[in-house]
Amino acid sequence: MRAYVVKEWKHPSELSLVHNAPEPATGPEEVLVDVYSAGLNFFDILQAQGKYQVKPSFPFTLGAEFAGKIASSSQIPKGCPFKPGDRVFGSAQGAFADRIAVKWKALMPLPGNLTFDQGAGKSRYFQSANISQDYTIGLFITWPTSYEALTGRAELKPGETILVNAAAGGVGIAAVQLAKALGARVIAAAGSHSKLDICKRYGGADYVVDYTTPEWQKQVLEITEGKGVDVVYDPVGQIKGEWNRIFSCDQSLMVFLDSLKCIAFKGRALVIGFAAGHIENLPLNLVLLKNISIIGLHWGLYTYKEPSRIPVVWEELLSLFSSGKIKPVIYSTVYPLASAMDGLGALERRETWGKAVVRIRDEATAKL
């Protein structure tokens with residue numbers, strides 16, 4: 001079996017594809033899935049180096065987001081609604097491989113699949129939304145992260161203004177679309193003209209600002225007539241900001257990202273991630289002086305702390321997909337498994353936009 005196996009902490013660029021990796025063993029509540037496509041996430045880069053909060057025991061297979069089919073050799077645990085050949089997607093450790101073992105309760109059916117069992121009741125949204133396999137890759141982590149951040153944490157309201165940092169990236173472009181669907185006015189911030197075009201063309205942003213330009217925050221204040229934005233959505237780790245090296249296609253720029261310079265009185269700043277590569281130190285005197293709230297969102301923790309919220313988020317989110325108000329955005333280059341680490345490199349250099357995907361096997365030709 002092919003897989004990217006991590007035996008020691010190292011940068012993904014140092015990992016090689018193994019062709020004789022052991023087959024994953026399934027636990028009592030798990031099924032075996034043939035992986036067809038996998039999603040590339042920034043936390044994969046961190047996890048390979050031991051810099052992510054989730055640190056599996058060595059050896060482990062990298063990757064956490066996938067779509068595929070229940071393998072023909074898979075066990076089917078009691079109560080599991082799936083059968084061999086069913087199309088599914090989900091999140092589990094080990095997605096950059098030919099096969100993955102995953103708890104069946106962590107899976108959801110792909111478009112066109114048979115109705116799944118016992119109260120899931122949401123497959124109709126996938127069927128009417130007509131979402132392809134590659135498009136579904138970005139759904140399991142990216143979209144519920146952005147949706148819960150905007151609705152459950154920041155409580156974004158119609159008519160409010162939101163600034164989305166790194167708006168052309170996976171969670172960024174999702175946040176732009178969702179904020180628009182929720183009735184907000186969206187200012188998308190990115191680091192190149194091409195990415196700003198992505199924000200307008202695929203995200204529907206009302207305004208765009210290039211945060212590589214000096215004092216870009218003044219543009220935001222002009223757009224908001226001096227008030228500032230009600231919500232800042234930040235997956236970069238630049239709420240307050242400091243000089244940071246931002247890669248933009250073939251160039252590297254030093255950028256000062258200080259979103260607090262353009263946040264409104266009683267504004268809410270969402271901490272989504274740290275794609276800039278470090279965790280910033282926030283001066284709390286500014287939080288006090290500006291009467292603002294700093295709000296964190298770790299979607300994966302809901303599985304353990306608030307599982308009842310998960311189906312609510314999916315019900316509302318997939319309804320938006322069904323209505324056509326939002327649509328997944330996939331990066332133009334789809335990487336084969338042998339080039340998956342090249343894809344992570346492009347993601348790290350901020351060359352990608354939307355959701356970057358690894359194609360592991362072709363659904364049209366692969367056999368169960």
Side-chain angles (χ1 to χ4, degrees), residues 3-6 8-15 35 37-67 89-97 100 102 106 136-149 153 164-175 233-239 244 246-247 270-280 296-305 310 328-331 335 337 340-358:
Y4 283 96
V5 180
V6 180
E8 60 180 339
W9 303 127
K10 59 175 59 177
H11 192 272
S13 61
E14 301 177 54
L15 291 177
V35 182
S37 300
L40 295 169
N41 292 287
F42 188 82
F43 61 73
D44 296 322
I45 301 169
L46 299 177
Q47 188 181 60
Q49 301 173 83
K51 297 179 180 179
Y52 189 55
Q53 55 260 36
V54 179
K55 295 181 176 67
S57 301
F58 295 131
F60 67 90
T61 299
L62 200 60
E65 198 174 16
F66 64 90
F89 77 103
S91 178
Q93 188 68 52
F96 297 158
I100 186 172
V102 57
T136 314
I137 284 294
L139 291 183
F140 205 87
I141 296 175
T142 304
W143 288 85
T145 293
S146 292
Y147 185 80
E148 176 62 8
R153 302 296 286 133
V164 180
N165 288 336
V171 292
I173 201 71
Y233 180 100
D234 182 69
V236 185
Q238 294 291 350
I239 294 291
N244 184 58
I246 298 292
F247 293 96
L270 283 162
V271 180
I272 305 300
F274 307 101
H278 66 276
I279 299 174
E280 62 179 325
L297 186 282
H298 180 195
W299 175 244
L301 201 59
Y302 278 66
T303 300
Y304 308 100
K305 296 294 186 179
I310 296 175
V329 178
I330 299 298
Y331 182 51
Y335 298 90
L337 182 59
M341 298 303 102
D342 294 335
L344 284 180
L347 183 67
E348 186 176 32
R349 295 188 299 273
R350 294 175 175 83
E351 295 173 357
T352 66
W353 43 264
K355 187 68 180 182
V357 170
V358 174

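This is a predicted model, so every value here is computed, not measured. Positions are given from 1, in the same order as the sequence printed here.
Between atom CD of residue E351 and atom CG of residue D342 there is a gap of 10.5 Å, rounded to the nearest 0.5 Å. Annotation: the span from M341 atom CE to H11 atom NE2 amounts to 10.5 Å, rounded to 0.5 Å. From Y147, atom OH reaches atom CG of L297 across 13.0 Å, with rounding to the nearest 0.5 Å. Remark: F42 CZ to E348 CD distance equals 6.0 Å, nearest 0.5 Å. Taking CG of L344 as the reference point, atom CG of L62 lies at 6.5 Å (rounded to 0.5 Å). Residue E65 holds its CD atom at 6.5 Å from CZ of F43, rounded to the nearest 0.5 Å.
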**Request:** Start with the C-alpha distance between L46 and F274, add both sets of side-chain angles, then the distance that settles side-chain contact (heavy atoms from CB on, under 4.5 Å), and finish with yes or no.
**Result:** CA-CA 10 Å; L46 299 177; F274 307 101; 5.8 Å; no
**Item:** Derivation of the side-chain contact (heavy atoms from CB on, under 4.5 Å) call for Y335 and L40
**Value:** CA-CA 10 Å; Y335 298 90; L40 295 169; 4.0 Å; yes
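In terms of heavy atoms, V35 sits closest to S37 at CG1-O, 3.5 Å. For the pair D44 and P12, the tightest heavy-atom approach, listed with the atom from each and the gap, is O-CG, 4.5 Å. Closest non-hydrogen pair, L15 versus K10, comes out as CD2-CD, 3.7 Å. Across every non-hydrogen atom of V357 and I330, the tightest pair is CG2-CD1, 4.0 Å. Y233 and S146 get closest at one heavy-atom pair: OH-OG, 2.7 Å. Looking at every heavy atom in both residues, A38 comes nearest to A95 through CB-O, 3.8 Å.
Using modelled atom types, one side-chain atom of Y4 and one backbone atom of L337 make a donor-acceptor pair closer than 3.5 Å. Panel note: side chain Q93, backbone P56; no donor-acceptor pair is recorded below 3.5 Å. Within the 3.5 Å criterion, the main-chain N or O of V54 finds a donor-acceptor partner in the side chain of Q47. Counting only distance, with no hydrogens or angles, the side chain of T142 and the backbone of V171 share no donor-acceptor pair below 3.5 Å.
R153 is not listed as a side-chain neighbour of I272, based on a closest heavy-atom distance of 4.5 Å or more.
Heavy atoms of other residues, nucleotides or ligands lying less than 6.0 angstrom from OH of Y304 number 12 at most.
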